[in-house]
Amino acid sequence: MPRSNIKTSKSKTLRLATYNINGIRSRTERLLDWLEREQPDVVCLQELKAEDSAFPALKLRQAGYYAIWHGQRSWNGVAILARDAQPIELRRGLPGFADPHSRYLEAAAHGIIVACLYLPNGNPITGPKFSYKLDWFARLNAHAANLYTSEHPVVLAGDFNVVPTDFDIYDPKSWRRDALLQPQTRECFRQLLAQGWLDALRALHPDERIYTFWDYFREHWPRNAGLRIDHLLLNRTVAPRLQAAGVDSWVRGEPGASDHAPTWIELADAVPELEKGSSKKSAPKQSALKRAAPKKQPTARARATGKR
DNA sequence: ATGCCGAGCATCGCTCGA
(Lines give C-alpha, C1' and ligand atoms only; values in the text may rest on other atoms or scores of the structure.)
Protein backbone atom coordinates (compact mmCIF):
# COMPACT_ATOMS: atom_id res chain seq x y z
CA MET A 1 0.00 0.00 0.00
CA PRO A 2 1.77 3.18 -1.13
CA ARG A 3 2.10 5.78 1.55
CA SER A 4 1.17 8.51 -0.95
CA ASN A 5 -2.47 7.47 -0.51
CA ILE A 6 -2.64 9.14 2.84
CA LYS A 7 -0.14 11.93 2.45
CA THR A 8 -1.55 15.40 2.66
CA SER A 9 1.40 17.39 1.39
CA LYS A 10 3.74 17.17 -1.54
CA SER A 11 6.68 18.27 0.57
CA LYS A 12 9.04 15.77 2.11
CA THR A 13 7.96 14.58 5.50
CA LEU A 14 9.35 12.58 8.37
CA ARG A 15 7.26 9.78 9.82
CA LEU A 16 7.71 8.74 13.46
CA ALA A 17 5.85 5.79 14.94
CA THR A 18 5.46 4.07 18.29
CA TYR A 19 4.52 0.41 18.55
CA ASN A 20 4.15 -1.84 21.58
CA ILE A 21 5.16 -5.07 19.91
CA ASN A 22 4.43 -7.40 22.87
CA GLY A 23 7.36 -9.78 22.36
CA ILE A 24 9.77 -9.04 19.53
CA ARG A 25 10.97 -12.62 19.15
CA SER A 26 7.54 -13.99 18.31
CA ARG A 27 6.71 -10.98 16.15
CA THR A 28 9.84 -10.15 14.16
CA GLU A 29 8.20 -11.09 10.84
CA ARG A 30 5.13 -8.98 11.67
CA LEU A 31 7.43 -6.06 12.43
CA LEU A 32 9.33 -6.44 9.16
CA ASP A 33 6.07 -6.62 7.18
CA TRP A 34 4.87 -3.39 8.75
CA LEU A 35 8.19 -1.60 8.21
CA GLU A 36 8.24 -2.60 4.56
CA ARG A 37 4.69 -1.48 3.96
CA GLU A 38 4.67 1.82 5.89
CA GLN A 39 8.35 2.82 5.72
CA PRO A 40 8.48 4.87 8.93
CA ASP A 41 11.66 6.92 9.39
CA VAL A 42 11.88 6.57 13.18
CA VAL A 43 10.25 3.83 15.28
CA CYS A 44 9.91 3.44 19.04
CA LEU A 45 9.26 -0.12 20.20
CA GLN A 46 8.09 -1.25 23.63
CA GLU A 47 7.68 -4.60 25.37
CA LEU A 48 10.50 -6.37 23.59
CA LYS A 49 10.31 -9.10 26.25
CA ALA A 50 13.78 -10.21 25.24
CA GLU A 51 17.36 -9.95 26.42
CA ASP A 52 19.72 -7.70 24.48
CA SER A 53 21.31 -10.69 22.79
CA ALA A 54 17.94 -11.78 21.34
CA PHE A 55 17.25 -8.46 19.58
CA PRO A 56 16.91 -9.08 15.79
CA ALA A 57 19.42 -6.39 14.84
CA LEU A 58 20.67 -8.16 11.72
CA LYS A 59 17.22 -8.70 10.22
CA LEU A 60 16.34 -5.07 10.88
CA ARG A 61 19.61 -3.93 9.36
CA GLN A 62 18.86 -5.97 6.24
CA ALA A 63 15.50 -4.19 6.09
CA GLY A 64 17.30 -0.83 6.17
CA TYR A 65 16.91 0.05 9.86
CA TYR A 66 19.63 0.83 12.39
CA ALA A 67 18.71 0.46 16.05
CA ILE A 68 19.55 0.93 19.69
CA TRP A 69 17.82 -1.22 22.29
CA HIS A 70 17.55 -1.80 26.00
CA GLY A 71 16.26 -5.30 26.50
CA GLN A 72 15.22 -7.29 29.53
CA ARG A 73 14.47 -10.93 30.09
CA SER A 74 10.75 -11.75 30.07
CA TRP A 75 9.37 -8.25 30.56
CA ASN A 76 9.67 -4.67 29.36
CA GLY A 77 12.40 -3.67 26.91
CA VAL A 78 12.47 -0.65 24.54
CA ALA A 79 14.18 0.14 21.25
CA ILE A 80 14.56 3.01 18.79
CA LEU A 81 14.92 2.27 15.06
CA ALA A 82 15.93 4.72 12.34
CA ARG A 83 15.77 4.19 8.61
CA ASP A 84 19.14 4.49 6.84
CA ALA A 85 20.76 6.21 9.83
CA GLN A 86 22.20 5.17 13.17
CA PRO A 87 20.25 6.61 16.15
CA ILE A 88 22.58 8.43 18.54
CA GLU A 89 21.81 7.36 22.09
CA LEU A 90 21.34 10.25 24.53
CA ARG A 91 19.90 8.54 27.57
CA ARG A 92 19.10 5.07 28.91
CA GLY A 93 16.68 5.25 31.83
CA LEU A 94 15.26 8.39 33.45
CA PRO A 95 17.77 10.67 35.23
CA GLY A 96 18.60 9.93 38.85
CA PHE A 97 16.60 6.72 38.88
CA ALA A 98 18.08 3.24 39.17
CA ASP A 99 15.02 1.68 37.55
CA PRO A 100 15.22 -2.13 37.57
CA HIS A 101 13.01 -2.15 34.45
CA SER A 102 14.07 -1.31 30.88
CA ARG A 103 11.51 1.36 30.12
CA TYR A 104 13.20 4.47 28.72
CA LEU A 105 15.52 5.24 25.81
CA GLU A 106 16.31 8.64 24.33
CA ALA A 107 18.11 9.21 21.05
CA ALA A 108 18.71 11.66 18.22
CA ALA A 109 17.61 10.41 14.81
CA HIS A 110 16.84 12.27 11.58
CA GLY A 111 17.25 15.59 13.37
CA ILE A 112 14.71 14.80 16.12
CA ILE A 113 15.25 13.95 19.77
CA VAL A 114 13.03 10.96 20.42
CA ALA A 115 12.14 9.63 23.85
CA CYS A 116 10.84 6.06 23.72
CA LEU A 117 9.00 5.16 26.88
CA TYR A 118 7.06 2.27 28.33
CA LEU A 119 5.23 3.58 31.36
CA PRO A 120 4.36 0.97 34.02
CA ASN A 121 0.92 -0.59 33.77
CA GLY A 122 0.25 -0.14 37.49
CA ASN A 123 -2.29 -2.88 38.17
CA PRO A 124 -3.57 -3.75 40.66
CA ILE A 125 -4.24 -0.27 42.04
CA THR A 126 -4.12 -1.49 45.66
CA GLY A 127 -0.43 -2.19 45.89
CA PRO A 128 3.18 -1.37 45.08
CA LYS A 129 2.76 -1.59 41.31
CA PHE A 130 0.44 1.39 41.26
CA SER A 131 2.81 3.37 43.50
CA TYR A 132 5.64 2.49 41.15
CA LYS A 133 3.60 3.73 38.21
CA LEU A 134 2.90 7.10 39.83
CA ASP A 135 6.53 7.45 40.93
CA TRP A 136 7.74 6.62 37.43
CA PHE A 137 5.30 9.15 35.95
CA ALA A 138 6.53 11.89 38.31
CA ARG A 139 10.13 11.23 37.28
CA LEU A 140 9.13 11.31 33.62
CA ASN A 141 7.34 14.63 34.07
CA ALA A 142 10.35 16.16 35.82
CA HIS A 143 12.60 15.17 32.92
CA ALA A 144 10.00 16.13 30.30
CA ALA A 145 9.85 19.68 31.68
CA ASN A 146 13.44 20.16 30.54
CA LEU A 147 12.83 18.52 27.18
CA TYR A 148 9.79 20.68 26.49
CA THR A 149 11.70 23.94 26.56
CA SER A 150 14.55 22.57 24.43
CA GLU A 151 15.44 24.46 21.28
CA HIS A 152 15.71 21.03 19.66
CA PRO A 153 12.66 19.24 18.29
CA VAL A 154 11.60 16.64 20.86
CA VAL A 155 8.95 13.90 20.60
CA LEU A 156 7.86 11.80 23.58
CA ALA A 157 6.56 8.55 22.12
CA GLY A 158 5.42 5.33 23.66
CA ASP A 159 2.96 3.24 25.58
CA PHE A 160 1.94 5.63 28.37
CA ASN A 161 -0.58 3.19 29.87
CA VAL A 162 -2.97 6.11 30.32
CA VAL A 163 -6.46 6.49 28.88
CA PRO A 164 -6.50 10.31 29.02
CA THR A 165 -10.30 10.76 29.01
CA ASP A 166 -13.44 8.65 28.76
CA PHE A 167 -13.54 9.61 25.07
CA ASP A 168 -10.37 7.53 24.63
CA ILE A 169 -12.00 4.19 25.50
CA TYR A 170 -14.90 2.24 24.01
CA ASP A 171 -16.67 2.03 27.37
CA PRO A 172 -15.10 3.02 30.68
CA LYS A 173 -17.52 1.04 32.87
CA SER A 174 -15.58 -2.21 33.17
CA TRP A 175 -12.26 -0.34 33.46
CA ARG A 176 -13.16 2.02 36.31
CA ARG A 177 -10.86 0.26 38.79
CA ASP A 178 -8.07 -0.21 36.27
CA ALA A 179 -4.79 1.66 36.73
CA LEU A 180 -5.10 3.15 33.23
CA LEU A 181 -8.19 5.19 34.14
CA GLN A 182 -7.44 6.21 37.73
CA PRO A 183 -7.81 9.92 38.53
CA GLN A 184 -4.20 9.98 39.82
CA THR A 185 -2.94 8.49 36.54
CA ARG A 186 -4.93 10.93 34.47
CA GLU A 187 -3.75 13.81 36.65
CA CYS A 188 -0.11 12.88 35.91
CA PHE A 189 -0.85 12.94 32.18
CA ARG A 190 -2.75 16.22 32.51
CA GLN A 191 0.23 17.75 34.31
CA LEU A 192 2.52 16.57 31.55
CA LEU A 193 0.32 18.18 28.89
CA ALA A 194 0.14 21.32 31.04
CA GLN A 195 3.86 21.77 30.44
CA GLY A 196 2.79 22.55 26.87
CA TRP A 197 3.22 19.22 25.09
CA LEU A 198 0.94 18.67 22.09
CA ASP A 199 -0.96 15.35 22.06
CA ALA A 200 -0.55 14.91 18.30
CA LEU A 201 -3.36 12.46 17.54
CA ARG A 202 -5.92 14.27 19.62
CA ALA A 203 -4.84 17.68 18.28
CA LEU A 204 -5.45 16.65 14.68
CA HIS A 205 -8.53 14.53 15.37
CA PRO A 206 -10.35 16.22 18.27
CA ASP A 207 -13.76 14.65 17.59
CA GLU A 208 -12.75 11.19 16.40
CA ARG A 209 -12.72 7.93 18.30
CA ILE A 210 -9.12 6.73 18.09
CA TYR A 211 -7.82 3.50 19.61
CA THR A 212 -4.31 2.06 19.69
CA PHE A 213 -4.90 -1.05 21.82
CA TRP A 214 -7.50 -3.79 21.70
CA ASP A 215 -7.01 -6.56 24.26
CA TYR A 216 -7.17 -10.22 23.29
CA PHE A 217 -10.31 -10.88 25.32
CA ARG A 218 -13.99 -10.86 24.57
CA GLU A 219 -13.76 -10.22 20.84
CA HIS A 220 -12.55 -6.71 21.56
CA TRP A 221 -10.80 -6.31 18.22
CA PRO A 222 -13.70 -7.42 15.97
CA ARG A 223 -16.02 -5.22 18.04
CA ASN A 224 -13.58 -2.27 17.88
CA ALA A 225 -13.64 -2.09 21.68
CA GLY A 226 -10.30 -0.32 22.09
CA LEU A 227 -8.32 2.10 24.21
CA ARG A 228 -6.07 5.02 23.23
CA ILE A 229 -2.96 4.55 25.35
CA ASP A 230 -0.05 4.94 22.90
CA HIS A 231 0.78 8.62 22.50
CA LEU A 232 3.13 10.97 20.64
CA LEU A 233 3.71 14.29 22.41
CA LEU A 234 5.45 17.21 20.68
CA ASN A 235 7.49 19.95 22.30
CA ARG A 236 7.15 23.63 21.35
CA THR A 237 9.96 23.46 18.81
CA VAL A 238 8.55 20.59 16.75
CA ALA A 239 4.80 21.12 17.19
CA PRO A 240 4.49 23.60 14.27
CA ARG A 241 5.79 20.88 11.94
CA LEU A 242 2.95 18.42 12.67
CA GLN A 243 1.17 17.53 9.42
CA ALA A 244 -0.65 14.24 9.97
CA ALA A 245 -1.23 11.56 12.59
CA GLY A 246 -2.90 8.19 12.69
CA VAL A 247 -2.94 4.53 13.65
CA ASP A 248 -1.90 1.65 11.38
CA SER A 249 -4.82 -0.37 12.67
CA TRP A 250 -4.53 -2.88 9.83
CA VAL A 251 -1.57 -4.34 11.76
CA ARG A 252 -3.89 -5.35 14.61
CA GLY A 253 -5.93 -7.50 12.24
CA GLU A 254 -2.99 -9.56 10.99
CA PRO A 255 -2.54 -13.15 12.19
CA GLY A 256 -0.46 -13.31 15.36
CA ALA A 257 -0.75 -9.56 15.98
CA SER A 258 0.32 -7.64 19.06
CA ASP A 259 -2.60 -6.26 21.07
CA HIS A 260 -1.36 -2.74 20.14
CA ALA A 261 -1.23 -1.13 16.69
CA PRO A 262 1.53 1.21 15.45
CA THR A 263 0.67 4.85 16.05
CA TRP A 264 2.36 7.57 13.97
CA ILE A 265 2.85 11.20 13.11
CA GLU A 266 4.18 12.98 10.05
CA LEU A 267 6.35 16.06 10.43
CA ALA A 268 7.22 18.63 7.79
CA ASP A 269 10.91 19.04 7.09
CA ALA A 270 12.67 21.50 9.35
CA VAL A 271 12.50 25.11 8.20
CA PRO A 272 16.05 26.27 7.38
CA GLU A 273 17.51 28.63 9.99
CA LEU A 274 17.74 31.59 7.60
CA GLU A 275 14.06 31.43 6.67
CA LYS A 276 13.01 30.83 10.23
CA GLY A 277 14.50 34.03 11.45
CA SER A 278 13.71 36.40 8.60
CA SER A 279 10.52 35.27 6.92
CA LYS A 280 6.95 35.93 7.92
CA LYS A 281 6.01 32.85 5.94
CA SER A 282 6.87 30.60 8.86
CA ALA A 283 3.62 28.81 9.55
CA PRO A 284 2.13 29.46 12.98
CA LYS A 285 0.97 26.46 14.97
CA GLN A 286 -2.73 26.69 14.16
CA SER A 287 -2.29 26.73 10.40
CA ALA A 288 0.07 23.80 10.63
CA LEU A 289 -2.64 21.85 12.41
CA LYS A 290 -5.32 22.82 9.91
CA ARG A 291 -3.20 21.66 7.01
CA ALA A 292 -3.64 18.06 8.00
CA ALA A 293 -6.77 16.33 6.76
CA PRO A 294 -8.49 14.14 9.33
CA LYS A 295 -7.80 10.48 8.73
CA LYS A 296 -10.65 8.17 9.59
CA GLN A 297 -9.97 4.84 11.19
CA PRO A 298 -11.41 2.01 9.11
CA THR A 299 -14.63 0.42 10.25
CA ALA A 300 -14.49 -2.66 12.43
CA ARG A 301 -15.56 -4.75 9.45
CA ALA A 302 -12.88 -3.27 7.22
CA ARG A 303 -10.22 -3.92 9.83
CA ALA A 304 -11.42 -7.44 10.47
CA THR A 305 -11.13 -8.24 6.77
CA GLY A 306 -7.80 -6.48 6.45
CA LYS A 307 -9.12 -3.91 3.98
CA ARG A 308 -9.06 -0.17 4.23
C1' DA B 1 -15.29 -11.04 41.60
C1' DT B 2 -13.32 -13.89 37.79
C1' DG B 3 -12.05 -15.42 33.24
C1' DC B 4 -11.68 -14.35 28.76
C1' DC B 5 -6.04 -14.28 25.19
C1' DG B 6 -1.16 -14.53 24.45
C1' DA B 7 4.02 -14.46 25.58
C1' DG B 8 7.36 -16.23 28.32
C1' DC B 9 9.37 -19.10 31.58
C1' DA B 10 10.65 -22.14 37.24
C1' DT B 11 7.02 -25.11 30.82
C1' DC B 12 2.09 -30.24 31.54
C1' DG B 13 0.83 -24.56 35.24
C1' DC B 14 2.15 -20.30 36.61
C1' DT B 15 3.06 -14.72 36.16
C1' DC B 16 2.36 -10.75 33.73
C1' DG B 17 0.16 -7.59 30.63
C1' DA B 18 -3.88 -3.89 30.25
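Proteins get letters first, then strands, A, B, ... in listed order; numbering begins at 1 in each.
With B:dC4, B:dA7, B:dG8 as the choices, the nucleotide that has an atom nearest any side-chain atom of A:Ser74 turns out to be B:dG8. Distance from the side chain of A:Lys129 is smallest to B:dG17 among B:dA10, B:dA7, B:dG17. Picking from B:dA7, B:dA1, B:dG17 the nucleotide with the shortest atom distance to the side chain of A:Arg177 gives B:dA1. Comparing B:dT15, B:dG8, B:dA10 by their closest approach to the side chain of A:Arg73 singles out B:dA10.
Nucleotides B:dT15 and B:dT11 are separated by 14 Å at their P atoms, to the nearest Å. For the P atoms, the distance linking B:dC16 with B:dT2 amounts to 15 Å, nearest Å. Here, B:dC5 and B:dA10 have their P atoms 24 Å apart, quoted to the whole Å. A gap of 15 Å separates the C1' atoms of B:dG17 and B:dG3, to the nearest Å.
In this structure, A:Arg73 does not pair ionically with A:Glu51, as no charged nitrogen and carboxylate oxygen lie closer than 4.0 Å. Salt bridge absent: A:Arg223 and A:Asp171 never bring a charged side-chain N and a carboxylate O closer than 4.0 Å. A salt bridge does not link A:Asp41 with A:Lys12: every distance from a Lys NZ or Arg NE/NH1/NH2 to an Asp or Glu carboxylate oxygen is 4.0 Å or more. Electrostatic pairing of A:Arg92 and A:Asp99 does not count as a salt bridge here, judged by no charged N lying under 4.0 Å from a carboxylate O.
Residue-to-nucleotide proximity on DNA chain B shows that, of A:Tyr216 and A:Ala50, the 5′-proximal contact is made by A:Tyr216. Both A:Leu227 and A:Gly256 sit near DNA chain B, but only A:Gly256 has its closest nucleotide nearer the 5' end.
B:dG3 is unpaired under the Watson-Crick or G-U wobble criterion, no partner having all donor-acceptor distances under 3.5 Å. When both distances must be under 3.5 Å, the Watson-Crick or G-U wobble mate of B:dG8 is B:dC14.
Here B:dT15 presents its P atom at 10 Å from CH2 of A:Trp75, a figure rounded to the nearest Å. With rounding to whole Å, A:Phe160 atom CZ is found 18 Å from B:dG17 atom C1'. Atom-to-atom, CG of A:Asn20 to P of B:dA7 comes out at 13 Å; the value is rounded to the nearest Å. Across the protein-nucleic acid pair, A:Ile21 atom CD1 and B:dG8 atom C1' stand 15 Å apart, rounded to whole Å. As rounded to whole Å, 13 Å separates atom C1' of B:dG3 from atom CH2 of A:Trp175. At whole-Å resolution of the value, CZ in A:Phe213 and C1' in B:dC16 are 13 Å apart. Distance, A:His260 NE2 to B:dG6 P: 15 Å, rounded to whole Å. Rounded to an integer number of Å, the gap from A:Ile24 CD1 to B:dG8 P is 10 Å.
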Checking side-chain hydrogen bond (donor to acceptor under 3.5 Å, both in side chains) for the pair A:Arg83/A:Gln39: CA distance, chi angles, key distance, verdict? CA-CA 8 Å; A:Arg83 197 170 158 221; A:Gln39 301 276 306; 2.6 Å; yes
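Counting any heavy atom pair closer than 4.0 Å across all strands shown, A:Asn123 reaches a base atom. In this structure, A:Asp159 reaches the sugar-phosphate backbone alone: every heavy-atom distance under 4.0 Å involves primed, P, OP1 or OP2 atoms, never a base. Across all strands, A:Asn76 comes closer than 4.0 Å to no nucleic acid atom at all (heavy-atom distances). Residue A:Glu47 is in sugar-phosphate contact alone, with no base atom involved, counting any heavy-atom pair closer than 4.0 Å across all strands shown.
A donor-acceptor contact under 3.5 angstrom links the side chains of A:Trp175 and A:Tyr170, judged on distance only.
Taking the six-membered ring for Trp and thresholds of 30 and 60 degrees, A:Phe213 and A:His260 have ring planes inclined between 30 and 60 degrees apart.
OP1 or OP2 of B:dG8 sits under 4.0 Å from a side-chain N or O of A:Ser26. A close approach under 4.0 Å does not occur between any side-chain nitrogen or oxygen of A:Arg30 and OP1 or OP2 of B:dG6.
Remark: the A:Arg218 side chain and the B:dG3 base include a donor-acceptor N/O pair separated by less than 3.5 Å.
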